[in-house]
**Student:** 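Have a look at this one before I ask anything.
In what follows, every heavy atom counts, from backbone to side chain, and hydrogens, waters and symmetry copies are set aside. When a residue number appears, it is its place in the shown sequence, counting from 1. Atoms within each ligand, like the ligands themselves, are counted from 1 in listed order.
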Amino acid sequence: PLVEGWIDPTFHEYQGFWFAPKILQGALSFQKHFQAIDTDIILVTNPKSGTTWLKALTFALINRNKYPNIHKNHPLLTSNPHVLVPFMEINLYYETDIVPELNSLSPPRIFSTHNPYVLLPKSLKESNCKVVYLCRDPKDTFVSLWHFSNKLREQSRGTLPLEEAFESFCRGTTSYGPFWDHVLGYWKESLERPEKVMFLKYEEMKMKPNFVLKEIAKFLGCPFSEEEESNGVVDDILHLCSFEKLSNLEINKNGKISSEIENKNFFRLGKVGDWKNLLTTKMVEQLNIVVEEKFGKHGLSF
Ligand code: A3P
């Protein structure tokens with residue numbers, strides 16, 4: 001089946017999820033060819049759930065000994081997080097017949113993907129590598145996705161009407177959607193294999209960033225020492241990766257990660273609850289019902 005895409009002209013359905021055609025090629029190539037190793041770290045999100053933030057935090061966390069002088073010479077000061085932590089299906093496996101050489105990368109390798117759990121490579125599921133999944137309140141994810149898509153759509157297609165986008169989100173026809181099935185795939189896995197999949201929420205990271213970063217460090221097997229904590233290493237990483245800091249760097253104000261995408265598109269507002277400024281009461285009611293229906297019985301709420 002085919003439906004109209006938000007950014008690309010069409011979406012294709014594959015195994016219950018929707019993809020832009022080129023992304024699906026990449027997703028399948030990643031699934032077929034990627035060989036995971038036990039030290040790999042895979043960051044997974046639904047689009048617009050805080051991927052950029054998670055990439056920055058994980059990169060800074062894992063490389064904290066390599067770049068002790070975090071205020072100078074840190075790669076995050078001069079490179080966008082999406083360059084430091086590439087997407088599998090968008091950057092590395094974009095063309096079906098090109099298999100990237102990833103064996104020479106020094107461990108731990110950090111990669112990211114928006115692939116739903118069912119489409120992850122077998123070797124990734126079976127190895128001892130770690131998966132960090134970050135999700136976000138669907139109301140804010142929808143709002144963020146709507147703004148982002150409008151920036152990237154061909155001008156001739158005009159702004160995506162909000163009502164239309166909203167109905168499409170509720171039906172599940174967004175890139176890598178349905179949103180709910182994506183979240184539930186990883187939620188269930190995190191309950192079954194908590195040592196393999198860590199499940200995070202953007203809202204919790206916003207509320208207690210210090211706590212969550214320390215939890216991520218423990219999960220990835222590189223907990224902060226007492227000495228590091230008292231030396232302010234945790235706070236330094238959080239400060240470097242904060243929305244305010246990253247969004248004001250020259251590279252993120254004026255740089256581009258590809259011919260179409262400007263770095264500034266990844267930094268809009270960075271807040272919880274912006275949906276209140278855009279969604280009507282009726283939309284909120286409708287979305288709350290869907291959320292309860294999909295997540296309620298699984299003990300997941302936002
Ligand atoms: P908003 O559009 O609500 O502002 P992704 O990184 O998955 O594409 O998600 C983008 C969303 O994360 C945007 O949300 C963006 O502003 C927000 N974001 C980007 N960097 C962030 C950071 N360092 N801290 C918190 N939020 C951030």
**Student:** Is there a donor-acceptor pair closer than 3.5 Å between any side-chain N or O of D38 and the backbone N or O of N128?
**Tutor:**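 Confirmed, D38 side chain pairs with N128 backbone.
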**Student:** Below a 4.0 angstrom heavy-atom separation, can you tell me which part of S247, side chain or backbone, both or neither, approaches ligand 1?
**Tutor:** neither
**Student:** When you look for heavy atoms under 4.0 Å from ligand 1, do you find them on the side chain of K55, its backbone, both, or neither?
**Tutor:** neither
**Student:** Less than 4.0 Å is my threshold; does some heavy atom of H147 fall inside it relative to ligand 1?
**Tutor:** no
**Student:** Heavy-atom contacts under 4.0 Å between F148 and ligand 1: side chain, backbone, both, or neither?
**Tutor:** neither
**Student:** Does N46, backbone or side chain, put an N or O under 3.5 Å from an N or O of ligand 1?
**Tutor:** no
**Student:** Can you list the atoms of ligand 1 that are under 4.0 Å from a heavy atom of L269?
**Tutor:** 4 (O), 16 (O)
**Student:** Give the contacting part of A56 toward ligand 1: side chain, backbone, both or neither, where contact means a heavy-atom distance below 4.0 Å.
**Tutor:** neither
**Student:** Do the non-hydrogen side-chain atoms of C222 and R64 ever get within less than 4.5 Å of each other?
**Tutor:** yes
**Student:** Hey, does S49 come in under 3.5 Å of ligand 1, counting only N/O atoms on both sides?
**Tutor:** yes
**Student:** Could you tell me which atoms of ligand 1, counted from 1 in the order shown, lie closer than 4.0 angstrom to a heavy atom of F267?
**Tutor:**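 Within the 4.0 Å cut-off of F267, ligand 1 contributes 16 (O), 19 (C), 20 (N).
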**Student:** Taking 4.0 angstrom as the limit and counting only heavy atoms of S144, give me the atoms of ligand 1 inside it, by number and element.
**Tutor:** 1 (P), 2 (O), 3 (O), 11 (C), 13 (C), 14 (O)
**Student:** Return yes or no for this condition: an N or O of K206 is under 3.5 Å from an N or O of ligand 1.
**Tutor:** no
**Student:** Given 3.5 Å as the limit, does a donor-acceptor pair link the side chain of H298 with the main chain of L300, or not?
**Tutor:**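 Flag not set: sc H298 to bb L300 has no pair under 3.5 Å.
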